[in-house]
Amino acid sequence: MRLAVVQPPCLPLDVVANARAHAAAVRAARARVVVFPELSLTGYELEAPVVSADDPRLAPLVEACADAGALALVGAPVVGDHIAMLAVTGGGATVAYRKMWLGDAEARRFRPGDAPVVLVVDGWRVGLAICKDTGVAAHAERTAALGIDVYAAGVLESARDAAVTDQRAHRIATAHRVWVAVASFAGSTGGGYIEAAGLSGVWTPNGEVYARAGTEPGESVSASIG
């Protein structure tokens with residue numbers, strides 16, 4: 001299976017522009033599964049209006065997924081209130097996963113999800129995570145207990161904390177012997193993040209970096225696993 005992790009350019013609160021950028025990234029990635037960062041459709045704006053799975057603004061992304069035969073895992077606030085990961089295919093979007101571990105500021109608006117989630121893609125079992133989830137060992141343990149081949153996460157870290165993503169990905173990969181795919185925002189993302197870390201990547205089950213992007217918005221990397 002071919003995986004891609006993308007750090008798209010982001011205009012805070014502009015779902016129309018961001019969905020179009022996501023669509024372009026999906027077409028360029030030529031991958032079966034394309035992972036995007038936390039709250040990628042809105043930017044890290046904790047007061048952003050919710051995005052519904054049937055939001056017409058997602059139409060360009062749905063069309064791109066149809067053309068590419070791809071599953072896009074994208075970030076958005078959803079009714080509940082939850083920070084979520086939407087699963088977008090050529091057939092439309094669904095709320096696939098709700099973030100289980102929230103940051104302090106996030107908890108003032110959002111509620112935590114109540115269960116880990118695994119998606120099956122062409123026989124591959126893909127566990128889902130959003131940002132702080134990756135720093136909580138219990139999250140990876142509970143997700144891995146469901147039986148996974150890949151741990152896919154959308155995250156946001158500031159540039160000064162860039163090493164955090166690598167440390168967490170290495171720990172998860174080696175502890176559970178799974179591939180780890182992390183899409184990390186780059187550039188300015190709203191919410192006070194003037195310079196996000198970027199460095200999206202894919203790690204092998206041995207914890208080695210298989211592919212890694214740089215620090216600029218618009219970069220992506222992909223990897224064929226199997």
Side-chain angles (χ1 to χ4, degrees), residues 1-8 10 15 18-44 51-53 55 57-58 60-78 82-100 113 115-134 139-140 143 146 148-156 165 169 172 178-186 189 200-203 211 213 219-223 225:
M1 182 173 69
R2 191 163 185 82
L3 285 170
V5 290
V6 181
Q7 47 200 51
C10 179
V15 175
N18 293 332
R20 288 173 178 163
H22 283 50
V26 166
R27 294 180 190 279
R30 300 180 182 276
R32 181 69 177 93
V33 176
V34 186
V35 188
F36 290 86
E38 178 179 31
L39 294 175
S40 60
L41 286 172
T42 60
Y44 192 75
V51 177
S52 64
D55 192 313
R57 294 174 294 180
L58 301 182
L61 178 54
V62 172
E63 182 180 344
C65 288
D67 291 345
L71 165 67
L73 299 173
V74 307
V78 300
H82 297 282
I83 294 174
M85 186 178 281
L86 301 180
V88 184
T89 69
T94 59
V95 179
Y97 172 71
R98 296 164 177 85
K99 186 177 183 178
M100 296 176 67
V117 170
V118 174
L119 299 180
V120 181
V121 185
D122 300 340
W124 289 80
R125 295 180 63 83
V126 182
L128 307 182
I130 300 173
C131 209
K132 190 175 179 179
D133 291 335
T134 65
H139 183 270
T143 305
L146 299 176
I148 61 173
D149 305 296
V150 180
Y151 185 91
V155 310
L156 168 60
T165 297
I172 293 164
V178 295
W179 289 87
V180 176
V182 179
S184 172
F185 256 132
T189 63
S200 301
V202 178
W203 287 257
E219 294 189 44
S220 67
V221 293
S222 59
I225 66 173

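Only heavy atoms go into these numbers, but all of them, side chains included; no hydrogens, no water, no symmetry mates.
Of the inter-residue distances, the one linking Leu128 atom CG with Lys99 atom NZ reads 14.0 Å to the nearest 0.5 angstrom. Trp179 contributes atom CH2, which lies 8.5 Å from atom CG of Leu3 (distance to the nearest 0.5 angstrom). Separating the NE2 atom in His139 from the CD1 atom in Ile130 is a distance of 8.0 Å, to the nearest 0.5 Å.
Residues passing the ring-ring contact (aromatic ring centres under 6.0 Å, His included) test with Trp203: none are found, sequence neighbours excluded. Checked against side-chain contact (heavy atoms from CB on, under 4.5 Å), Ala72 has the following partners two or more places apart in sequence or in another chain: Val26, Phe36, Leu61, Cys65, Val74, Val88. By the side chain to side chain donor-acceptor pair (under 3.5 Å) test, Ser220 pairs with no residue at all, sequence neighbours left out. Contacts of Ala24 classified as side-chain contact (heavy atoms from CB on, under 4.5 Å), with partners at least two apart in sequence or in another chain: none. In terms of the side-chain contact (heavy atoms from CB on, under 4.5 Å) criterion, residue partners of Ala23 (sequence neighbours excluded) are, by chain and number, Pro60, Ala64. Partners of Arg57 under the salt bridge (charged side-chain N to carboxylate O under 4.0 Å, His left out) rule, at least two apart in sequence or in another chain, are Asp55. His22 meets the side chain to side chain donor-acceptor pair (under 3.5 Å) test with Ser40; sequence neighbours excluded. For Ala21, the side-chain contact (heavy atoms from CB on, under 4.5 Å) partners at least two apart in sequence or on another chain are Pro9. With sequence neighbours excluded, the residues satisfying side chain to side chain donor-acceptor pair (under 3.5 Å) with Ser200 are Gln7. Looking at residues two or more places apart in sequence or on another chain, you find a side chain to side chain donor-acceptor pair (under 3.5 Å) between Tyr44 and Glu106.
Nearest heavy-atom pair, Tyr151 versus Ala140, reported as atom, atom and distance to 0.1 Å: CE1-CA, 3.9 Å. Across every non-hydrogen atom of Val34 and Ala70, the tightest pair is CG2-CB, 4.5 Å. When all heavy atoms are compared, the tightest approach of Cys10 to Asn18 is CA-OD1, 3.5 Å. In terms of heavy atoms, Val6 sits closest to Ala25 at CG1-CB, 3.7 Å. Of all the heavy atoms in Leu71 and Ala87, the pair that sits closest is CD1-CB, 3.7 Å.
Between the side chain of Thr89 and the backbone N or O of Gly91, at least one donor-acceptor pair lies under 3.5 Å.
Between Ile172 and Thr134 the shortest side-chain heavy-atom distance falls below 4.5 Å. Between Leu86 and Leu73 there is no side-chain heavy-atom pair separated by less than 4.5 Å. Looking at Arg30 and Ser222, their side chains never come closer than 4.5 Å, going by heavy atoms from C-beta outward. The closest side-chain heavy-atom distance from Tyr97 to His82 is not below 4.5 Å. Leu39 places none of its side-chain heavy atoms less than 4.5 Å from the side chain of Leu156. Val155 is not listed as a side-chain neighbour of Pro37, based on a closest heavy-atom distance of 4.5 Å or more. Val5 has its side chain out of reach of Val182: every pair of non-hydrogen atoms, C-beta onward, lies at least 4.5 Å apart. In this structure, Ile148 and Val126 have side chains that are not in contact, with every pair of non-hydrogen atoms separated by 4.5 Å or more.
Identified under the side chain to side chain donor-acceptor pair (under 3.5 Å) test for residues 122-131, with sequence neighbours left out: Arg32-Asp122.
A salt bridge is defined here as a Lys NZ or Arg NE, NH1 or NH2 lying under 4.0 Å from an Asp or Glu carboxylate O, and Asp67 with Arg27 meets this definition.
By the neighbour-count criterion of 12 heavy atoms within 6.0 Å, atom CZ of Arg2 is densely surrounded, having more than that number from other residues, nucleotides or ligands.
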* Assess whether side chain to side chain contact (heavy atoms under 4.5 Å, CB included) is satisfied between Arg98 and Ile83, documenting all intermediate values. => CA-CA 6 Å; Arg98 296 164 177 85; Ile83 294 174; over 6 Å; no
* Just do the side chain to side chain contact (heavy atoms under 4.5 Å, CB included) check on Thr143 and Asp133 with the steps written out, would you? => CA-CA 10 Å; Thr143 305; Asp133 291 335; over 6 Å; no
* To do: Apply the test side chain to side chain contact (heavy atoms under 4.5 Å, CB included) to residues Thr42 and Val51: give CA-CA distance (whole Å), side-chain angles for both, the deciding distance (0.1 Å), then the verdict.
  => CA-CA 9 Å; Thr42 60; Val51 177; 4.1 Å; yes
